[in-house]
Novice: 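Quick one: structure below, then a few questions.
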Amino acid sequence: MGSGRVCRPGAGGSGRAAGVPDPVERLEEPELMRRMCRIGADLQLTRLLQALVAAALIAGTEAGEGAAGIAEILRAACGLAEPGRAGITPAGVHRMWRVVHLAGIQRPASDAPEWGKAGYRAYHAELERLLQGAGPGAVLPWV
């Protein structure tokens, strides 16, 4: 457990990393490997978005100024994660981010300071406007 990996006991209490199929021989199935890689890409892209918003807040960059740059970085990252496919989109990553990260930050019991909560709300609103296509300057999925 000291390796830093998140492990969850499997059906037999194997302690194998979550998402690794049992039996391991199934790893040779191309579709299973593609699915696992897409899941990993989704997780990494939500972490990237969290890091970008956190860095912008720490730097004191207002959402109206910083969100457009974050959207462009996210657009490029989505293109790298699945080149030539429209499977992973900035809008999809934003939706996952608000469930995985934003919800916990906005909880009343969260230890995030009020200025941080307000900043995250502002970035969420601006990214939603840009990425979900609500308004001018919407960022289209990487094609």
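Along the sequence shown, residues carry numbers from 1. Keep in mind that what you see is a predicted model, and the values were worked out from it rather than measured.
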Novice: Specify the closest pair of heavy atoms between Leu57 and Gly116, including all atoms of both residues, with the distance to one decimal.
Specialist: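 Taking Leu57 first and Gly116 second, the nearest heavy atoms are CD1-O, 4.2 Å.
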Novice: Roughly how far, to the nearest 0.5 Å, is CD of Gln44 from CD1 of Ile39?
Specialist: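 Reported value, rounded in 0.5 Å steps: 13.0 Å.
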Novice: About how many Å separate CD1 of Ile73 and CG of Leu49, when rounded to the nearest 0.5 Å?
Specialist: 10.0 Å
Novice: Test of understanding: with side-chain hydrogen bond (donor to acceptor under 3.5 Å, both in side chains), list the residues that count as partners of Arg95, not counting sequence neighbours.
Specialist: Gln132
Novice: Can you name the side-chain hydrogen bond (donor to acceptor under 3.5 Å, both in side chains) partners of His101, sequence neighbours left out?
Specialist: none
Novice: What verdict does the side-chain contact (heavy atoms from CB on, under 4.5 Å) test give for Val93 and Asp42, after you've listed the backbone C-alpha separation in whole Å, the side-chain angles of each residue and the deciding distance to 0.1 Å?
Specialist: CA-CA 7 Å; Val93 173; Asp42 289 345; 5.8 Å; no
Novice: I need the full list of salt bridge (Lys or Arg N to Asp or Glu O under 4.0 Å) pairs touching residues 98-108, with sequence neighbours left out, sorted by first then second residue.
Specialist: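 Passing the test, one end in residues 98-108: Arg98-Glu128.
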Novice: Quick one, Gln106 with His124, criterion side-chain contact (heavy atoms from CB on, under 4.5 Å). Give me CA distance, side-chain angles, the key distance, then yes/no.
Specialist: CA-CA 11 Å; Gln106 297 297 329; His124 166 59; over 6 Å; no
Novice: Which residues pass the side-chain contact (heavy atoms from CB on, under 4.5 Å) test with Leu43, not counting sequence neighbours?
Specialist: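 Thr46, Arg47.
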Novice: Of all heavy-atom pairs between Ile88 and Ala81, which one has the smallest distance, and what is that distance?
Specialist: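 Looks like CD1-CB, 4.0 Å.
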Novice: Tell me, please, which residues at least two apart from Ala112 pass side-chain contact (heavy atoms from CB on, under 4.5 Å).
Specialist: Ile105, Ser110, Lys117
Novice: Give, for atom CE of Met96 and atom CG of Leu102, the distance between the pair rounded to the nearest 0.5 Å.
Specialist: 14.5 Å
Novice: What pair of heavy atoms forms the shortest contact from Ala56 to Tyr123, and how long is it?
Specialist: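 Answer, listing the atom of Ala56 first, then Tyr123: CB-OH, 3.2 Å.
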Novice: May I ask you to test the Thr89-Cys78 pair for a side-chain heavy-atom distance under 4.5 Å?
Specialist: no
Novice: Quick one: side-chain hydrogen bond (donor to acceptor under 3.5 Å, both in side chains) pairs with a partner in residues 48-62, sequence neighbours left out?
Specialist: Gln50-Trp97, Gln50-Tyr120
Novice: Report the C-alpha distance between Leu74 and Leu131 in whole Å, list the side-chain angles of each, state the deciding distance to 0.1 Å, and finish with yes or no for side-chain contact (heavy atoms from CB on, under 4.5 Å).
Specialist: CA-CA 10 Å; Leu74 193 57; Leu131 299 174; 4.0 Å; yes
